[in-house]
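The model shown is predicted, which means the values in this text are computed figures rather than measured ones.
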Amino acid sequence: MSLTEIIFWLLSGFAIVSAIMVLVSKSPIHSILWLILVFFAISGHYILLNAQFLAIVNLIVYAGAIMVLFLFVVMLINLDKESDPQKNIWIKLAGVISGGSLLIVLVSLVKQATEINAKEVLLSKGNIGLIETLGKVLFTDFIVPFEISSVLFLSAMVGAVVIGKK
Amino acid sequence: MFSFLLILIPILSGLLLFFIKNEKSAKSLSLLASVLTLAISIISLSSKTNLNFSAEWIPSLGAKFSLSLDGLSKMLCLLNSISLPIIFLSIFKNDNKYSPNFFGLMLLMQAGIMGVFLASDALLFYFFWELALIPAYFLCSIWGGEKRIQVTFKFFIYTFVGSLLMLLGIIYLYLQTKGSHSFSIQDFYSLQLSSNKQNTIFCLMFFAFAIKMPIFPFHSWQPDTYEQAPTPVTMILSGVMVKMGVFAVIKWLIPVLPDATNHFSNIVILLSVIGMLYASLIAIKQDDVKRMIAYSSIAHIGLICAAIFSNTINGLQGALIQMFNHGIIVIGLWIVADVIEKQIGTRKFSELGGLAQKAPTLAILLVVLSFANIALPLTSAFVGEFLMFSGLFKYNIWFAAIAAISIILGAVYTLNMVQKIFYGNTVSATENAIDISWNIKLALIFLVIIVLVFGVYPMPLINLINS
Amino acid sequence: MKIILAFIVLFPLAGFLVNGLFRNTRSKKSIAYYACSQIFSSFFLSCIAFYLVKNGGSEVVTYFDFIKISNLNISFSFQIDQLSALFLLIITGVGFLIHVYSAAYMHEEEPKHFARYFAYLNLFVFSMLILVLGANYVIMFMGWEGVGLCSYLLVGYWFKNNNYNYAAKKAFIMNRIGDLGFLLAVFWIINKLGTVGYTEVFAKAATLSTFDVTAITMLLFVGAMGKSAQIPLYTWLPDAMAGPTPVSALIHAATMVTAGIYMIARSNVLFSMSAITMNLITIIGLATALLSATIAIKQNDIKKVLAYSTVSQLGYMFLGLGVGAYTGAVFHVMTHAFFKALLFLGAGSVIHAMHHEQDIRNMGGLKKKLPITHLTFLLGCFAISGIPPFSGFFSKDEILAAAFASNPIYWVLGVVGAAMTAFYMFRLYATTFLGNFRGTKVQELHLHESPKAMTYPLIILAILSVVGGLIGIPEILGGNHQLHHFLSSVLTSEKPIHINHNTEFLLMATSVVIAVIAILFAVNKFSKKPELSEAKGLGKIFANKWYVDELYEKIIVIPLLAIATFLKNIVEKSGIDGIVNGVGKYIQYSARQIRLVQNGQVGSYVLFMVLAFIIMILIWVNDGHIYKFLTQLF
Amino acid sequence: MPIQNYIIVALTLFTIGIVGVLVRRNALIVFMSIELMLNAVNLLLVAFSKVHHGAALAHNNATTVGAEAQIFVFFIMVVAAAEVSIGLAIIVMLYRNTRSIDINFLNRLKN
Amino acid sequence: MNSIIVSALLGVVMMFSGIFTTNKTIIKNIALIGMLILLVSNIANTYGWCTVDVDVKGMLVFSKFGYLFNSIIFFTSLIYIFLSGNDFADVGNNVAEYFALIFFVLCGVAILSSYNTLLMLFLGVEIMTIPLYILAGTDKKNLKSNEAALKYFLMGAFSTGIMLMGIALIYGINGNFKIEFETTSTIQNFGILLPLGLLFIFVSMCFKVSAAPFHFWTPDVYDGSPSVFTSFMSTIVKAAGFIAFIKLFETHSIQLQTSWKLILPIIIIATLLVGNITAVFQQSVKRMLAYSSIAQAGFMLFALYSSNTLSREGILLYSAAYSFATIGIFAVLIKMKDYSFDGFNGLSKTQPVLAATATIFLFSLAGIPLTGGFFAKYFMLASALQEHKAFLMVIIAVLFAAISVYYYFRVIQAMYFKQGDAETTEITSGFKLGLIVLAALIILLGVMPSILLQWLYF
């Protein structure tokens, strides 16, 4: 087992465990913190895949901005452990079982997928993940979606105003 | 051109009536329009030219606005255009009950029915089929009896299910036509379908027609609707509209799907015959004039249907004639039922009696119509029923023999009706009854004359159909 | 001839129309005159027609096409030949007399009802004429149903009385049962021969198979059963006595009920081809004759006795037809028309005098008060009892002779019936006219002989009853049976009677003797102390008409109504409509259930989505199997 | 590194996100689970981008094949950010009105 | 491209208009004019008159079909704003922002009618739905509106996640985001991940068009949202969803092979079942319309199933007819004081014009001939019948169509046959005129559907 593989499995395990912890934590604060850990693990993956730009963006946007927003909200509305509503155990069980069976189905399908057998993920090599390459591609081929996504932000902005205004 | 006018006049006048507020002028206008339609339809009887009309409609679908006026449609258009003036006449003196909208809807319904009889394009046919139904829905629901809303709704949905299935059948046929598809009836006639396909389509389309006619066991909407609908509408429904189903079978079903017709004729005739007996038996036990006439109508239509499917010339001819005659007779019966209900305030046999003393003219006219209803010779119905039974007999003796039992049962319930309404001593309800007013008298006499004239000399009718 | 026939028919029709339409405006007198004059005109023309026919003027005249389609041509045409000419005379002649009689009999009615009565009566004559004149079965059927209609209208003439209406309805419906048979027979003929004209049908009859002929004749006979009141369809006739007495005389004795005999005689070619049918006719006729005779013995209503007597006599006629004595049957129709019309009118006269009292137990001793009625009635009784030389003797004897030729047992039974006939007729006569008056004082005070308009027809009919038989005097009695010769060209299938003269004479004598004994016995028994007590034993069965009405009620009417009720209340409501409404209800029910899935919780919504997704994936993975399964399923 | 591994890891994370939506009632945590799903997709996309890049690299040294997937990830992040702003606004609004962020607390709309 | 740019710009314009004026009528009129401009620019684009040319790098593909669809949508929106624009003010004060959001949604719609890569699909869907989350929640004091917004948002985001997973899987096999798959065209066996990815997208799109069993959000959201926006959501947005759905799966149904012919009919029937049956029991007209929109979606899915010329024409017609009718009936509904069926009792007496036009709208929804709804359904049925194996499904669909008559006609019954005095808010004659024009359009479509469809070929 090579180092990369060890790192891969470590990161993956870490991400999955943290993800599960997000769900099982009673306190929303804990959940947020666990989620930030998931993001870190994923950023680790990105680095492993030599997608440096995304790794950084992931940390800045997700862990940094989004999660902080979540934290703000949690603090704003002053949630504590007791206020966290509990679902019926049966519904939980049903959720877990159906989610689990979905996972089993999906994984078994992936295991059967012969068309990707020979495909290897290029780790650490390849420089498409660098800002330079991505920037070029983004502002040439993807200029239209890039511009259009501004509409998305505009509407989000308007929306936040509309909703937020007293 | 005649065919187009036959539709156009009722539509235009019907729409116009929605904008008229004065009741008197609405009545006059509607009567005028219906008489005008009648005039055109009479003129068209003898006309050899100008019968067909065709215009582009939806070119991309191959649907045309094409109308044609052959012998059968001439007769049915005549029936349709006769019925409306008669009906208007019979309610001419009804004050305040019917608003101008009523007359407008009646005329629209007439236009729809007319269109069904005239259309020679399947899509157009379907359009008119529904166009006839919708005014009926409003008419019954607004001006009907106590339970009108539910009952009419049932009627509407029931028939709507049927017509949707028919639409499927039409689409299916349309997709089978060669080249760029077309809805033209000629193209439908020239289709050569496998018997399997034919059977499927037959089931779909016949369902619609069976509901409309109605054939046992799809009839259950009918007595309720006839009972609850305002009587003028009932007249159209049972006098003319049920003929749509019969007409459709003759024009759109049998020639298009000959194999399937042969395949199913046994079942259809069986159902019809069962329906005849069934309806007749139930009619015997009815205590309500309208319901009784409704069941009697089911029995008669059953015979017509059986005769059509008997696949004999006699049967078909008889059915064609009977479509007309039944319409005339049943309209007359409804007028009488209407008069009774309006005058006496009840339709129950058990609360009626002795009316003949108070309203002898009505009694006489009803007796004539009743005997026409049971196809006594020298009334027009006899000719039709005679031919139909003879056709059915040719097809199968036992069917004919069993069906003929309904002749006896028909006598039982019709005479029951006559007896219970008119004979015996007057009861409290009929104590103060008076005879009918001039307009109803006129309407009924007109019908009776038609019944008798065609009973003695039916050849004009037969010739008309075969032209 | 075409015009004559048309006018024969049109006169009564005009009478019907004029009296019917203007019934409110005209006086009774003008109504009566008009109606009678129409019939008389018709009678007059009938005489001319008869004369022409007698000189060989038989023909078929066509007026217009009634129904003409590609493979069937039914024309509206009349056939005048010896048979129809004879019937024309009977119908218009007797009809005229009865019209005249009615004018007096019905004088109490209001003008408009009076007019209605005459309109109906005219319409009846019209229908009856159509029936006998029709040149094909369809036209005959028109008249056939038309007379049924008129019978209905006239029996229910006093429509305020619901019992009368029931009787009228019963008459019509039972007739309809018969009509059904007639109609089916016509269809059968159309189906096999493609035509309904008599001449064509009889010409092609030989091509029919035995089965077809039997079926056709059986069905026709069913028609005759209904119209001519034979077992099992006879029960309407006694009830039909609810109508005014002249109506009973005209319709239910003289003319309409004989339509069945006319029809069979007319179709003698067909009937003779089917031995089975002939036997059936014989048996039914004989049974009817005997059964109704037994019933007549115990009836107390003057008209009921006559009614059952009519049924019985009709049975004789059928016996005659059954054994092939068509002429005899037709002969008996004629004589019966005379004497039974006479008897009914006589009874009417009595009823008139008794102020609508019909129970003979309340009569008696009317001989003195109603001399003309009494005398004519007595003559009628002799005629019906078959006492020579009254008309009934000849006709009945001819039938009996033919029956003997066919099978002696028929003859024996026939004579028994004849004896009963004599017995009950004289029971009636004796109870009514002899002895002491048993009615109320008021009735007694008002007893009076009827006006001339009533007595003259009685007298004329009495004369006819006496001498009517003379046209058919058999050879054995020195006659040459003119009627036989006259009709021979129509009744081609007449079976000649082969019995030697001695036997025939013996038979004749036997029957006369038995009849005379019966008469003497009856007069002796009932003139002094009429039977007033309730009948017992067999008599009770007779008095209650063998409980046939009750039987019909139990085995046909009640089950039929029960079925109808069942269909109406159970099958229609819960079954057919129930299914339709059930579909609607089920949709509403399922709407109520399905909406519960929409429980408003995001978690469960997502759960459904996930489950659906899993299922979709599973379907996708196994699509081959599922597809195969589905294709096999459909 | 075989791509299967990445797919399985991504699917696992994705499923955990789904389970989170299913079992939690706290709107914030549900929302976070959705973010988790998005991240799983991101990871998968990046991994695929490297697969295709690796395949293309064999033919062309200067290829940018695979970059589009990373751009896509970028867009997902953009959208996620926009969604978060809206989502949190809605949640806060809800809290203001009901003093609860239980997704089942409001249950007026049903059936 | 015109429509995307113009609609985005107009959104911005509307945003700023709120700053300069608070007069709602002016804002509405600006929006109206803007919508007219948008429509005109799109039509101009259709015929190549004043086109803004942008090198879209294959991200978008503009077709006659898309243009026509856009025109229909913009025209519908125009009518929508004309009829219901005044009612925006009843929802809240930020009228200008609402209009801005509407224009942003239309931008998303325009993208969805012309996308050519999965990225643009994703962006289009998001641009279209994110404003809707807000619009659903605009009635801030109304808890139902809050609930609707939250449910819509959470489930919408969830379905976005599912769609993204599908896109990722497809990308994994294809190596690009183009919707024309080059690599698979020659391969008979499509492997596992590609179809799996398609299934993911399929589920997500089913969610967007509210096909059962992914429809659960629809009734709640439509019911809870302010009625003016429900009207918009259930028509324009849903139609756009269908266009996107069809555009993607028209070419890719083959990758799902047999299972496509299994899964889709099941979904269609389930959708029809849930939509129609559940609508039967509703007491509120608004919620009934929400369910009925599911039922209508069931019919629109036929276009997806048959994917032939007829269905392409049909979906356009369906979009137009359905949108017209729904916008019309919602416009009437908004004016009602009571949204329950009983609230409509006797409307024909108090407001005959409203009742008459509403009747025509309901007829169209029920698919009665002489209204556009008939031909919409006709095309769907005909297209499905052309695919020969769909007979049973078509029959079932027809039976459900008959059930739909039941609940649509309940409104007509209430308006015409029942006694009552239905109360409405104030109604201007302009509003009535708009309704009459709309009703006339529906009838025109029902008599002459070719006037719409011929645009496809000119």
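When the candidates Val65(D), Thr98(D), Leu94(D) are compared by the number of heavy-atom contacts under 4.5 Å with chain E, Leu94(D) comes out ahead. Of the listed residues (Lys144(E), Met165(E), Met155(E), Gln282(E)), the greatest number of heavy-atom pairs within a distance under 4.5 Å of chain D belongs to Met165(E). Between chain D and the residues Ala149(E), Pro219(E), Gly156(E), the most heavy-atom pairs under 4.5 angstrom are made by Ala149(E). Contact count against chain D (heavy-atom pairs under 4.5 Å) is highest for Leu154(E) among Val221(E), Thr278(E), Thr117(E), Leu154(E). Chosen from Val78(D), Ile18(D), Ile3(D), the residue pairing most often with chain E at heavy-atom distances under 4.5 Å is Ile18(D).
Ring centroid separation for the pair Phe177(E) and Phe72(D) comes in under the 6.0 Å cut-off.
Distance check, rounded to the nearest 0.5 Å: CG of Leu164(E) to CZ of Phe75(D) gives 13.0 Å. If you take CE on Met37(D) and OG on Ser159(E), they are separated by 8.5 Å, rounding to the nearest 0.5 Å.
Side chain of Asn97(D) to main chain of Lys140(E): a donor-acceptor pair is present (N/O by atom type, distance under 3.5 Å, no hydrogens or angles).
For chain D, no part of Phe281(E) is nearby; none of its heavy atoms comes within less than 4.5 Å. Both the backbone and the side chain of Ser49(D) come within contact range of chain E, with heavy atoms under 4.5 Å apart. Only the side chain of Ile90(D) has a heavy atom closer than 4.5 Å to any heavy atom of chain E. Within the 4.5 angstrom heavy-atom criterion, no atom of Ile71(D) approaches chain E. Neither the backbone nor the side chain of Phe216(E) comes within less than 4.5 Å of any heavy atom in chain D. Only the side chain of Phe153(E) comes within contact range of chain D, judged by heavy atoms closer than 4.5 Å. Interface residue Leu123(E): only side-chain heavy atoms are found under 4.5 Å from chain D. Looking at Ile76(D), the atoms closer than 4.5 Å to chain E (heavy atoms on both sides) sit in the backbone and in the side chain alike. For Phe200(E), the part lying under 4.5 angstrom from a heavy atom of chain D is the side chain only.
At a heavy-atom cut-off of under 4.5 Å, chain D is reached by Glu126(E), Ile130(E), Tyr133(E), Ile134(E), Gly137(E) from residues 125-137 of chain E, listed in order of number.
Scanning both residues, His52(D) and Ile173(E), for their nearest heavy atoms gives CE1-O, 4.0 Å. Across all their heavy atoms, Ile34(D) and Phe158(E) have their closest contact at CD1-N, 3.9 Å. Contact between Val41(D) and Ala168(E) at its shortest, heavy atoms only, is CG1-CB, 4.0 Å. Nearest approach of Gly175(E) to Glu68(D), heavy atoms of both residues: O-OE2, 3.0 Å.
Within the 4.5 Å cutoff, the side chain of Ile7(D) has heavy atoms near those of the Leu193(E) side chain. The closest side-chain heavy-atom distance from Leu150(E) to Ile91(D) is below 4.5 Å.
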Would you check, one step at a time, whether the test side chain to side chain contact (heavy atoms under 4.5 Å, CB included) holds for Thr160(E) with Glu83(D)? CA-CA 11 Å; Thr160(E) 307; Glu83(D) 264 186 5; 4.0 Å; yes
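Around the CG atom of Asn93(E), the shell of radius 6.0 Å holds no more than 12 heavy atoms that belong to other residues, nucleotides or ligands.
The salt bridge (Lys or Arg N to Asp or Glu O under 4.0 Å) pairs that include a residue from residues 151-166 of chain E are Glu147(E)-Lys151(E), Lys151(E)-Asp220(E), where partners are two or more places apart or lie in different chains.
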